[in-house]
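For reference, the structure is listed below as structure tokens.
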Amino acid sequence: MTKIAVVGGGIGGITASLYLRRLGHEVTLYEQSDRLGGRLTYERQGHYEIDQGPTIVLLPELLKEIFHEVGFTDDQYELIQVDPVYDIHFKDGTNFRKHRDPAKTKAEIDQIFPGDGDGFERYLREMKGVYDFGVKAFLTRDFQTKRDFLSLTNLNFVLKSKSYRTVTDYLSRFFNDQRLRAAYSLQTLYIGGAPHQVPALYGLISYSEHAFGVWYIKGGYYSLIPRLETYLYDQGVIVKKETKVDRIIVENNQIKGLISSGKSELYDKVVYNGDYPTIEGLIDHHKVWNRPLKPSSGCILVYLGLSKQYNDQLPHQFFMSGDFNYYMKSVMEKQTLPMDPSLYVFNPSAIEQQSQLNSTLYVLIPVPAAIDPTEKELHTFVDKQLSWLEAAAYKDLTKHIEWKKVRTPRDAERDGLYLGGGFGVSPLLSQSGAFRPQIVHPTIKGLYAVGASVHPGGGVPIVMQGARLLKQAIERGE
């Protein structure tokens with residue numbers, strides 16, 4: 001029986017462990033903290049509790065397919081569709097409501113952005129082709145060579161569809177109004193990218209919101225983790241929490257095992273589930289990547305416990321800066337707090353009844369990953385954004401705050417996120433597909449990786465898809 005160690009208990013490590021155990025391998029999962037989940041964790045204060053990280057569920061069928069394959073049954077979780085999808089609040093007072101139904105969204109566009117309705121229909125038609133091709137060509141396979149990625153078929157499609165262009169340039173073909181372009185490019189924030197840098201192939205994210213909807217897992221994403229942990233034990237996976245891996249042992253470019261708590265353990269294979277560049281600290285005398293990798297955008301995350309519920313507001317909302325393009329350039333190119341940021345707000349009480357009149361609110365503000373503000377700068381910055389939310393949608397918000405916690409990119413870095421980026425390495429063209437770290441290490445036999453910084457990329461279902469690709473690679477003997 002092959003002995004496999006999985007280093008890191010995020011959703012990628014958990015899913016990989018379940019897949020590999022079902023193949024009949026002896027699997028041990030190492031997690032240095034006292035709980036599994038990685039980015040799928042929570043913030044809690046008294047009776048207040050809210051997801052710390054991901055909140056939006058995309059590609060629900062992919063999520064369900066993978067859970068089904070590892071034997072985690074539908075009765076273990078509940079998916080709730082969120083429709084309308086979200087509201088987008090612009091600085092000029094315009095509010096745009098996005099629906100899953102394209103016809104309803106087109107009616108909104110015709111009313112708010114006259115003349116752009118036909119462009120929206122063309123956008124959906126073209127993006128369907130990009131989505132269908134992108135899933136088949138990139139999402140369902142890994143790349144051992146760049147030649148596989150840069151095949152004639154792939155190149156011809158990318159050139160014909162113009163999906164090599166940035167999201168910003170691509171959307172200019174369909175929408176005249178800058179606000180509408182922002183509404184269909186902000187989804188690059190889900191993976192820590194910027195629309196002026198990210199290739200239009202990633203536009204499939206915004207298309208998927210219409211094609212498959214936006215969903216919510218009842219109880220929040222973190223509610224999956226205790227159930228998955230129980231299932232890991234049931235399947236015979238050995239789980240070692242509060243157990244740090246100090247070294248991965250490599251001899252003659254072959255995995256031999258690992259060192260944990262000063263003790264050597266022999267393994268035939270090791271799967272690393274963490275922000276990929278951080279693996280170099282675990283392997284002596286081996287370069288695991290041949291060039292520096294750029295991190296994704298960072299986040300300032302604000303968690304609020306409130307003495308009021310805002311059930312008149314949607315679960316998901318975006319509050320847009322006055323100049324979204326300039327703002328995103330400052331996030332990716334500067335190292336200071338942005339003057340006029342955009343905000344994402346998660347309001348779970350609008351979809352899931354919370355206790356009494358209390359509720360929680362989650363505010364995510366994309367910022368440069370490198371920032372390290374003083375306590376005074378951070379306090380002033382956060383208070384300014386909360387005052388904006390109060391004026392725009394959440395009446396008397398600041399009067400109802402009973403608990404507030406703020407996380408910065410430096411907190412994220414201390415938790416193991418590469419250089420403080422909130423979403424793994426940046427989804428630049430030069431860090432996508434075959435140019436991104438791969439599931440199977442090219443030179444160290446028996447070393448594998450899953451996670452947001454590894455192909456096929458970030459987002460919970462996509463990381464889980466990476467674990468599926470890992471299972472397929474090991475089945476093939478790679």
Side-chain angles (χ1 to χ4, degrees), residues 38-39 51-56 58 88 166-168 181-203 205-206 275-278 292-302 316 318-346 362-373 377-378 381-382 385 406-432 435-437 451-454 457-460 462-463:
R39 287 175 172 86
D51 275 329
Q52 185 192 90
T55 59
I56 293 177
L58 299 176
I88 304 175
T166 66
V167 170
T168 300
R181 293 180 193 177
Y184 278 85
S185 62
L186 63 82
Q187 295 77 16
T188 60
L189 298 175
Y190 297 175
I191 53 174
H196 70 286
Q197 294 180 337
V198 169
L201 190 62
Y202 285 106
I205 301 172
S206 56
D275 261 2
Y276 190 76
T278 62
L293 290 163
K294 294 184 178 179
S296 65
S297 64
C299 302
I300 287 178
L301 288 155
V302 185
H316 304 299
F318 292 89
F319 295 78
M320 306 300 287
S321 52
D323 187 335
F324 184 63
N325 288 333
Y326 177 81
Y327 161 60
M328 288 311 305
K329 288 178 181 178
S330 71
V331 167
M332 305 313 292
E333 298 165 13
K334 295 185 178 181
Q335 297 185 16
T336 57
L337 287 169
M339 297 294 293
D340 181 25
S342 293
L343 318 178
Y344 159 68
V345 178
F346 174 48
Y362 163 124
V363 183
L364 184 153
I365 312 167
V367 295
I371 65 162
D372 189 13
E377 289 170 336
L378 184 63
F381 178 79
V382 169
Q385 311 320 316
V406 180
R407 281 177 57 85
T408 73
R410 303 287 64 78
D411 295 315
E413 187 172 24
R414 282 187 285 273
D415 286 343
L417 302 192
Y418 177 55
L419 298 181
F423 308 86
V425 302
S426 180
L428 303 169
L429 181 59
S430 61
Q431 295 183 167
S432 298
F435 303 106
R436 198 175 186 87
S453 290
V454 178
V460 174
I462 304 301
V463 169

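Since we're looking at a predicted model, the values are computed, not measured. Note: hydrogens, waters and symmetry copies are ignored here, and every other heavy atom, side chains too, is used.
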Counting N and O atoms only, with roles assigned by atom type, does the side chain of Ser296 sit under 3.5 Å from a partner on the main chain of Gly192, one being a donor and the other an acceptor?
no
side-chain contact (heavy atoms from CB on, under 4.5 Å) between His316 and Thr55, intermediate numbers included:
CA-CA 9 Å; His316 304 299; Thr55 59; 4.3 Å; yes
Hey, are the side chains of His196 and Asn325 touching, using non-hydrogen atoms and a 4.5 Å cut-off?
no
State which residues pass ring-ring contact (aromatic ring centres under 6.0 Å, His included) with Phe435; sequence neighbours excluded, sorted by chain then number.
Phe149
Quick one: closest heavy-atom pair of Pro368 and Ser330, and the distance?
CG-O, 3.7 Å
Interatomic spacing from OG in Ser426 to OH in Tyr418 - rounded to 0.5 Å
11.0 Å
Spell out, as yes or no, whether a donor-acceptor pair under 3.5 Å connects the side chain of Gln335 to the backbone of Val331.
no
Less than 4.5 Å apart, any side-chain heavy atom of Ser321 and any of Ser342?
yes
Heavy-atom check, side chain of Ile205 versus side chain of Thr188, under 4.5 Å:
no
Could you tell me which residues satisfy ring-ring contact (aromatic ring centres under 6.0 Å, His included) with Phe318, sequence neighbours excluded, listed by chain and number?
Tyr86, Tyr344
Gap separating the CG atom of Asp51 from the CG atom of Leu301, nearest 0.5 angstrom
11.5 Å
How long is the gap from CD1 on Ile371 to CG on Leu378, to the nearest 0.5 Å?
7.5 Å
Once you round to the nearest 0.5 Å, how far does CD of Gln431 lie from CD of Gln197?
10.0 Å
Can you name the closest pair of heavy atoms from Thr278 and Gly416 and give their distance?
CG2-O, 4.0 Å
Closest non-hydrogen atoms of Pro437 and Leu293, given as atom of the first, atom of the second and distance, are CG-CD1, 3.9 Å
Residues Arg39 and Asp275 bridged, charged N to O under 4.0 Å
yes
Flag side-chain contact, heavy atom, 4.5 Å: Pro366 against Tyr327
yes
Side chains of Ile300 and Pro341: does their closest heavy-atom pair fall under 4.5 Å?
no
Looking at CD of Gln385 and CZ of Phe381, how far apart are the two atoms once the value is rounded to the nearest 0.5 Å?
4.5 Å
Measure the shortest side-chain to side-chain distance between Leu186 and Phe324 over non-hydrogen atoms and say whether it is less than 4.5 angstrom.
yes
Distance, nearest 0.5 Å, that separates OG1 of Thr166 from CG of Leu201
13.0 Å
So, for Ala369 and Pro409, which heavy atoms are closest and what is the spacing to 0.1 Å?
O-CB, 3.3 Å
Heavy-atom pair with the smallest gap, counting every atom of Val367 and Pro338:
CG1-CD, 3.9 Å
Salt bridge (charged side-chain N to carboxylate O under 4.0 Å, His left out): pairs with one or both residues in residues 409-428, sequence neighbours excluded
Arg407-Asp415, Arg410-Glu413, Asp411-Arg414
Which atoms form the tightest heavy-atom contact between Phe423 and Leu189, and what is the distance?
CZ-O, 3.5 Å
